[in-house]
K.L.:
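Below is the structure I would like to discuss, written out as structure tokens.
Everything quoted here is computed from the prediction, not taken from an experiment. The residues of the chain are indexed from 1 along the displayed sequence.
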Amino acid sequence: RRRGSRSGASQEAAPAAGEQQPTPTAEERIQMLEAELEQLRAQMLVDRADMENQRKRLERDVRNACRFANRQLLGELLPVFDSLEAALNAAAAEDPMRDGVVLTLRELSRVCENNGLVEVAPAPGDAFDPERHNAMSVVQTAEVPAGTVFQVFQKGYVLHDQLLRPALVSVAGEEGA
């Protein structure tokens with residue numbers, strides 16, 4: 001045996017250096033081109049769907065960025081609301097400054113509501129909502145049903161259905177429990 005010789009089967013499979021591959025018939029060529037065209041169409045559909053999904057994702061991101069662009073500003077205004085409401089609660093009914101505070105609070109509320117800020121101020125007897133309320137205490141009372149809001153310590157706020165600050169409340173417990 002000679003070194004480096006190949007088996008006869010492998011020599012038959014590899015064409016000789018000068019030989020040409022057999023050319024496909026016209027029908028075979030058409031089938032190959034149709035298959036390639038179908039692959040390109042399928043890839044085009046996938047690429048088009050990817051582009052459409054990316055466009056929708058970008059639109060949603062821009063829409064959310066616009067909706068929540070003023071989140072920080074509105075969040076920093078919450079103590080202003082608290083201060084104005086405390087001033088109203090402390091001012092006498094006949095105090096001339098009271099009217100100015102009422103007008104200022106009303107205008108501030110209007111501007112904030114136009115920008116998506118909604119007040120969370122449950123009334124006594126409203127159901128306690130752990131998603132929007134923060135229970136500070138439980139009060140044993142028969143004045144309102146158990147498991148409902150008894151008193152609001154501080155209003156909460158929601159910006160476009162996203163909680164900015166929960167309302168601080170006390171919750172009614174069962175009397176004698």
K.L.:
Hey, what do you get for CG (Asp47) to CE (Met44), rounding to the nearest 0.5 Å?
P.N.:
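Asp47 atom CG to Met44 atom CE measures 9.0 Å (nearest 0.5 Å).
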K.L.:
With a 4.0 Å cut-off on N to O distance, would you call Glu59 and Arg63 a salt bridge?
P.N.:
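Looking at Arg63 together with Glu59, the answer is no, because their closest N to O distance does not fall below 4.0 Å.
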K.L.:
Take Asn64 and Gln162 through the test side-chain contact (heavy atoms from CB on, under 4.5 Å) and record every step on the way to the result.
P.N.:
CA-CA 11 Å; Asn64 282 338; Gln162 192 175 67; over 6 Å; no
K.L.:
Is there a path from Val169 to Val118 through hydrophobic residues (I, L, V, M, F, W, Y) whose side chains come within less than 4.5 Å of each other?
P.N.:
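Unlinked, Val169 and Val118 end up in two clusters.
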K.L.:
Just checking, is any N or O donor in the side chain of Glu85 or Asn89 under 3.5 Å from an acceptor N or O on the other one?
P.N.:
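Distance-only check fails for Glu85 and Asn89.
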K.L.:
Which atom names give the shortest non-hydrogen contact between Arg165 and Lys155, and what distance separates them?
P.N.:
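What the structure gives for the nearest pair is NH2-O, 2.7 Å.
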K.L.:
Compare every heavy atom of Gly75 with every heavy atom of Pro79, then report the nearest pair and how far apart it is.
P.N.:
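Answer, listing the atom of Pro79 first, then Gly75: CD-O, 3.8 Å.
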K.L.:
Side-chain heavy atoms nearer than 4.5 Å, only ILVMFWY residues, links allowed to pass through others: does that put Val138 and Val149 together?
P.N.:
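No; tracing contacts between hydrophobic side chains, which count when under 4.5 Å, never links both residues.
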K.L.:
Which of these, Val158, Val111, Leu78, sits in a side-chain contact (heavy atoms from CB on, under 4.5 Å) with Leu117?
P.N.:
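The side-chain contact (heavy atoms from CB on, under 4.5 Å) with Leu117 is passed solely by Leu78 among Val158, Val111, Leu78.
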K.L.:
Which pairs with one or both residues in residues 30-41 pass side-chain hydrogen bond (donor to acceptor under 3.5 Å, both in side chains), sequence neighbours excluded?
P.N.:
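Checked against side-chain hydrogen bond (donor to acceptor under 3.5 Å, both in side chains) - neighbours excluded - no pair reaches residues 30-41.
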K.L.:
Indicate, with yes or no, if Val101 and Phe81 share a hydrophobic cluster defined by side-chain heavy-atom contacts under 4.5 Å among Ile, Leu, Val, Met, Phe, Trp and Tyr.
P.N.:
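Yes, it is one cluster - the side chains of Phe81 and Val101 are joined through contacts under 4.5 Å.
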K.L.:
Taking side-chain hydrogen bond (donor to acceptor under 3.5 Å, both in side chains) as the cut-off, I'd like each qualifying pair that reaches into residues 103-113, sequence neighbours left out, listed once.
P.N.:
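Counting only pairs at least two positions apart or across chains, the side-chain hydrogen bond (donor to acceptor under 3.5 Å, both in side chains) contacts touching residues 103-113 are Glu107-Arg110.
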K.L.:
Using every non-hydrogen atom in the two residues, find where Val171 and Ala135 come nearest and quote the distance to one decimal.
P.N.:
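Shortest heavy-atom contact: CG2-CB, 3.7 Å.
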K.L.:
For the atom pair CZ (Arg57) and CG (Asp50), what is the distance rounded to the nearest 0.5 Å?
P.N.:
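The CZ atom of Arg57 sits 8.5 Å away from the CG atom of Asp50.
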K.L.:
Rounded at 0.5 Å granularity, tell me how far CG in Leu164 sits from CD in Glu119.
P.N.:
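Answer for the CG-CD pair, Leu164 versus Glu119, is 13.0 Å.
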K.L.:
Tell me the closest heavy-atom pair linking Val152 and Pro122, and the distance in Å.
P.N.:
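Here Val152 and Pro122 meet closest at CG2-O, 3.0 Å.
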K.L.:
Any pair with a residue in residues 127-137 that passes side-chain hydrogen bond (donor to acceptor under 3.5 Å, both in side chains), sequence neighbours left out, goes on the list, sorted by first then second residue, please.
P.N.:
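Found none.
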K.L.:
Taking Arg98 for the side chain and Ala87 for the main chain, is one N or O donor matched with an acceptor at less than 3.5 Å?
P.N.:
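Side chain of Arg98 to backbone of Ala87: no pair is present.
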K.L.:
Between Val120 and Leu168, is there shared hydrophobic-cluster membership here, with clusters defined by ILVMFWY side-chain heavy atoms closer than 4.5 Å?
P.N.:
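No.
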K.L.:
How many angstroms lie between CG in Leu103 and CG in Leu84, if you round to the nearest 0.5 Å?
P.N.:
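One gets 11.5 Å once the value is rounded to the nearest 0.5 Å.
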K.L.:
Is it the case that more than 12 heavy atoms not belonging to Arg48 sit under 6.0 Å from its CZ atom?
P.N.:
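No, CZ of Arg48 has 12 or fewer neighbouring heavy atoms, counting only those of other groups under 6.0 Å.
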K.L.:
Within the supplied structure, the quantity of interest is the number of heavy atoms (other residues, nucleotides, ligands) at a distance under 6.0 Å from Met51 CE; does it exceed 12?
P.N.:
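No.
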K.L.:
Within this structure, what is the CD-CZ distance for the pair Gln140 and Phe150, rounded to the nearest 0.5 Å?
P.N.:
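Gln140 CD to Phe150 CZ: 10.5 Å, rounded to 0.5 Å.
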K.L.:
Where do Val144 and Ala172 come nearest, in terms of heavy atoms and distance?
P.N.:
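Looks like CG2-CB, 3.4 Å.
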K.L.:
Would you say the side-chain atoms of Asp126 pair up with the backbone N or O of Ala123, donor to acceptor, closer than 3.5 Å?
P.N.:
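Yes: the side chain of Asp126 pairs with the backbone of Ala123.
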K.L.:
Can you confirm whether more than 12 heavy atoms, excluding those of Met97, are under 6.0 Å from its CE atom?
P.N.:
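No, not enclosed.
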K.L.:
Val80, Leu88: one ILVMFWY side-chain cluster at the under-4.5 Å cut-off?
P.N.:
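Same cluster.
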K.L.:
Nearest 0.5 Å please: distance from the CD atom of Gln54 over to the CG atom of Asp61.
P.N.:
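Going from the CD atom of Gln54 to the CG atom of Asp61 covers 10.5 Å.
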